[in-house]
Structure formats: structure tokens, C-alpha cells
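Comments concern the structure below.
Please read all numbers here as calculations on a predicted model, not as lab measurements. Numbers restart at 1 for each chain; the letters A, B, ... are given by sequence-line order, proteins then strands.
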There are 2 protein chains.
Amino acid sequence: MSQAQQKHDVFQAIADPTRREVLRLLSQKEMPISKITVYFPISRTAIAKHLHVLSDAKLISGRKEGREKIYQLHPEPLEEVQQWISFYEKFWSNKLSILKHIVENDDKNH
Amino acid sequence: MSQAQQKHDVFQAIADPTRREVLRLLSQKEMPISKITVYFPISRTAIAKHLHVLSDAKLISGRKEGREKIYQLHPEPLEEVQQWISFYEKFWSNKLSILKHIVENDDKNH
DNA sequence: TTGACATGAAACCAAAAGGTGTTATAATAT
DNA sequence: ATATTATAACACCTTTTGGTTTCATGTCAA
């Protein structure tokens with residue numbers, strides 16, 4: 001599905017509900033693919049492909065430990081999405097976004 | 001590509017770079033499809049399909065005006081993405097997310 | 001060392017995505 | 001009335017996606 005790097009970006013990675021659920025699982029506890037698979041009605045191989053996509057987007061990484069490969073969350077790339085979204089926040093103005101604007105302007109003026 | 005409603009959700013809608021660019025354009029000014037098409041190297045028909053996806057996700061709407069159909073941005077569905085992301089904010093803690101937590105807790109306690 | 005377990009990799013498949021060009025329809029301008 | 005413009009709708013093509021099953025490899029335990 002993906003041998004070359006950077007074939008999938010973070011926006012594509014989070015587009016699939018299964019992959020979002022995988023991220024949620026890994027946010028609670030790192031685990032090997034067999035453990036992850038238990039939570040889904042699809043095959044281990046299918047999960048493996050989703051893990052490849054998430055790995056491409058640098059959202060997870062796996063370290064081999066004995067015969068298992070433990071996957072763990074790397075949420076940093078989500079910051080790109082958050083920043084993208086933040087541009088649109090001003091359109092649904094609320095207390096939070098106003099505060100955010102104040103803080104950001106404060107940052108720039110010091 | 002999509003005659004039934006709700007076939008595409010907001011996560012899928014923003015997964016494509018072209019569609020994100022369309023949103024950016026419409027955030028500056030509402031415009032008909034022909035105007036949008038000028039900004040891209042692909043056909044009007046291709047843009048029309050992207051507009052369908054965005055429309056399915058309720059991110060845009062179009063009103064007919066004479067022989068034109070003017071498309072305009074509806075950013076509200078992006079809030080779902082923002083809320084999803086906010087769960088992961090605590091992992092890359094910074095000034096903003098700390099502030100946000102304070103504000104949210106404040107909301108709940110009053 | 002043999003068997004069981006965990007994972008990876010390959011081949012395959014159906015459906016969806018993203019694009020094309022052509023045709024049809026409705027509104028405007030002359 | 002007719003030509004032009006703006007868009008929608010249709011048919012078609014190619015690549016990607018999301019899934020399957022099968023097979024191979026490496027590790028642990030008895």
C-alpha cells in the first residue's frame with residue numbers, strides 16, 4: 001500500500017473513521033497490532049494497512065519488542081490540522097476563539 | 001458522484017487539497033463555479049464534483065441567482081473537527097491549550 | 001527442535017475518487 | 001428568434017482505497 005514516504009498526509013490519515021478510532025485507542029495505551037485488531041470487525045491485514053497510512057503521516061510509530069511490534073501515538077502532526085482549522089474559527093466566534101485571538105496578538109506584540 | 005445526502009462527512013471533505021483551497025477561496029468571497037475554476041488547473045466538471053462533496057458535508061451552499069449559482073462558505077461543520085482535535089491538544093501542551101482547558105473548566109463550573 | 005504465535009508481504013478484488021469530454025437545459029443579450 | 005453564457009448531468013476512464021485470503025518469516029515456549 002505504501003513503501004515510499006510522505007505518500008499520505010495528516011488530512012488524509014484522519015479522514016477514515018477506523019483510523020481515527022485507532023488513534024483514540026493508542027492515545028490510551030500503546031499496543032501491538034493484534035491487540036488493536038480485537039476492537040474492529042475487520043482483518044488484521046486491513047488494520048495493518050491503516051497503520052501504514054498513519055505511519056506515513058507520522059501519527060504513529062512502532063518499535064519491535066520480541067515478536068511483537070508495539071505501536072504508539074505521535075499526535076504532533078495534528079497540529080497542522082489545528083492550525084488550518086484555526087483560520088476558520090473566527091467564523092463561528094465564541095468565547096474561546098476571542099480569547100485565542102487576544103493571546104495570539106499578545107504573542108506578536110512582545 | 002453523490003446524489004444522496006450525507007454520503008461525505010467533514011473529515012473526508014477536507015482531506016483533499018483542492019477542496020481545502022476551494023474553502024479558502026470561498027472564505028474570502030462567495031462566487032460561482034466558473035470563477036472558482038479559474039484558480040485551478042482542472043476542468044469545471046471536476047470542480048463541480050468537489051463542490052458536491054463539500055455540499056454533502058454542509059460546508060458550502062449554493063443559491064441560484066439568474067443563470068449563475070453562487071456558492072458560499074458554511075464553516076460550522078469544521079467545529080466537529082476542531083472538537084475532535086482538541087482531545088489531542090493536551091499532548092502537545094502550550095500556552096494556548098492550557099488557557100483553553102482553564103476556560104472550559106470554568107464553563108462547566110458555572 | 002518442534003509447534004504455536006505475531007507479524008509482514010503478496011496477489012487479488014470491488015467500489016470509490018478524481019479526472020476527462022460531451023450533451024442537455026435554462027437564462028440573458030442582441 | 002437566435003446565439004451566447006452558466007451550469008448541470010451523463011458516460012466513461014484510470015488510480016486509489018479498503019478490504020479479503022494465502023503464504024512466508026521470525027520469535028518464544030515446551
Side-chain angles (χ1 to χ4, degrees), chain A residues 1-26 29-57 59-73, chain B residues 1-26 29-57 59-73:
Chain A
M1 185 177 230
S2 66
Q3 67 286 37
Q5 205 139 326
Q6 206 56 17
K7 202 172 143 190
H8 297 99
D9 73 350
V10 66
F11 286 93
Q12 287 174 254
I14 66 170
D16 186 274
T18 300
R19 285 195 291 268
R20 289 200 297 278
E21 185 63 13
V22 168
L23 292 180
R24 202 191 58 80
L25 281 171
L26 292 181
K29 195 175 189 314
E30 58 179 23
M31 51 179 95
I33 183 168
S34 53
K35 188 95 172 285
I36 298 173
T37 304
V38 172
Y39 294 91
F40 297 92
I42 60 179
S43 71
R44 183 186 50 76
T45 312
I47 296 290
K49 291 189 185 179
H50 285 303
L51 293 181
H52 271 294
V53 175
L54 292 171
S55 193
D56 268 12
L59 280 165
I60 63 171
S61 68
R63 67 170 187 285
K64 246 182 85 183
E65 201 159 283
R67 64 181 154 184
E68 290 187 334
K69 187 167 179 185
I70 315 288
Y71 288 91
Q72 92 182 62
L73 181 68
Chain B
M1 185 177 227
S2 65
Q3 66 288 34
Q5 205 139 325
Q6 205 57 15
K7 204 172 144 193
H8 297 99
D9 73 350
V10 66
F11 286 92
Q12 287 174 254
I14 65 171
D16 185 274
T18 300
R19 285 194 292 268
R20 288 200 298 277
E21 185 64 12
V22 168
L23 292 179
R24 202 191 57 80
L25 282 171
L26 292 181
K29 195 175 189 313
E30 59 179 24
M31 50 180 96
I33 183 169
S34 53
K35 187 94 173 285
I36 298 172
T37 304
V38 172
Y39 294 90
F40 298 91
I42 59 178
S43 72
R44 187 186 49 74
T45 311
I47 296 290
K49 291 189 185 179
H50 285 302
L51 293 181
H52 271 295
V53 175
L54 292 171
S55 193
D56 269 12
L59 279 164
I60 63 171
S61 69
R63 68 172 187 285
K64 245 181 86 180
E65 200 159 282
R67 64 182 153 183
E68 290 188 333
K69 189 167 178 185
I70 315 287
Y71 287 92
Q72 92 182 62
L73 182 68

Nearest whole Å is fine: how far is [N] [atom2] from [X] [atom1]?
{"X": "B/Lys64", "N": "D/dA8", "atom1": "NZ", "atom2": "P", "value": "9 Å"}
{"X": "A/Ile42", "N": "C/dA14", "atom1": "CD1", "atom2": "P", "value": "19 Å"}
{"X": "B/His8", "N": "C/dG18", "atom1": "NE2", "atom2": "C1'", "value": "11 Å"}
{"X": "A/Glu65", "N": "D/dT27", "atom1": "CD", "atom2": "P", "value": "13 Å"}
{"X": "B/Arg19", "N": "C/dG19", "atom1": "CZ", "atom2": "C1'", "value": "13 Å"}
{"X": "B/Ile36", "N": "D/dT7", "atom1": "CD1", "atom2": "C1'", "value": "12 Å"}
{"X": "A/Ile47", "N": "C/dA6", "atom1": "CD1", "atom2": "C1'", "value": "15 Å"}
{"X": "A/Leu54", "N": "D/dT17", "atom1": "CG", "atom2": "P", "value": "13 Å"}

Minimum heavy-atom distance A/Ala13-A/Leu59, with the two atoms named: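 Minimum heavy-atom contact is CB-CD1, 3.8 Å.
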
Nearest-0.5 Å distance that lies between atom CG in A/Asp16 and atom CZ in B/Phe11: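 A/Asp16 CG to B/Phe11 CZ: 11.5 Å, rounded to 0.5 Å.
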
Touch class at under 4.0 angstrom, heavy-atom based, for B/Gln12 against every strand present: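 Touches sugar-phosphate only.
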
Below 4.0 Å: OP1/OP2 of C/dA17 and any side-chain N or O of B/His50: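 Answer is no, no contact under 4.0 Å.
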
Any A/Ser43 side-chain N or O less than 4.0 Å from OP1/OP2 of D/dT20: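 For A/Ser43, the contact criterion (side-chain N or O under 4.0 Å from OP1 or OP2 of D/dT20) is met.
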
Does a side-chain N-to-carboxylate-O contact under 4.0 Å join [X] and [Y]?
{"X": "B/Arg19", "Y": "B/Glu21", "result": "no"}
{"X": "A/Arg20", "Y": "B/Asp9", "result": "yes"}
{"X": "A/Glu68", "Y": "A/Lys35", "result": "no"}

Protein proximity profile, nucleotides 7-13 of chain C - base contact B, sugar-phosphate-only contact S, no contact -, cut-off 4.0 Å on heavy atoms: BBBBB--

Step-by-step side-chain contact (heavy atoms from CB on, under 4.5 Å) determination, B/Gln72 to B/Ile60: CA-CA 5 Å; B/Gln72 92 182 62; B/Ile60 63 171; over 6 Å; no

Step-by-step side-chain contact (heavy atoms from CB on, under 4.5 Å) determination, A/Thr18 to A/Tyr39: CA-CA 10 Å; A/Thr18 300; A/Tyr39 294 91; over 6 Å; no

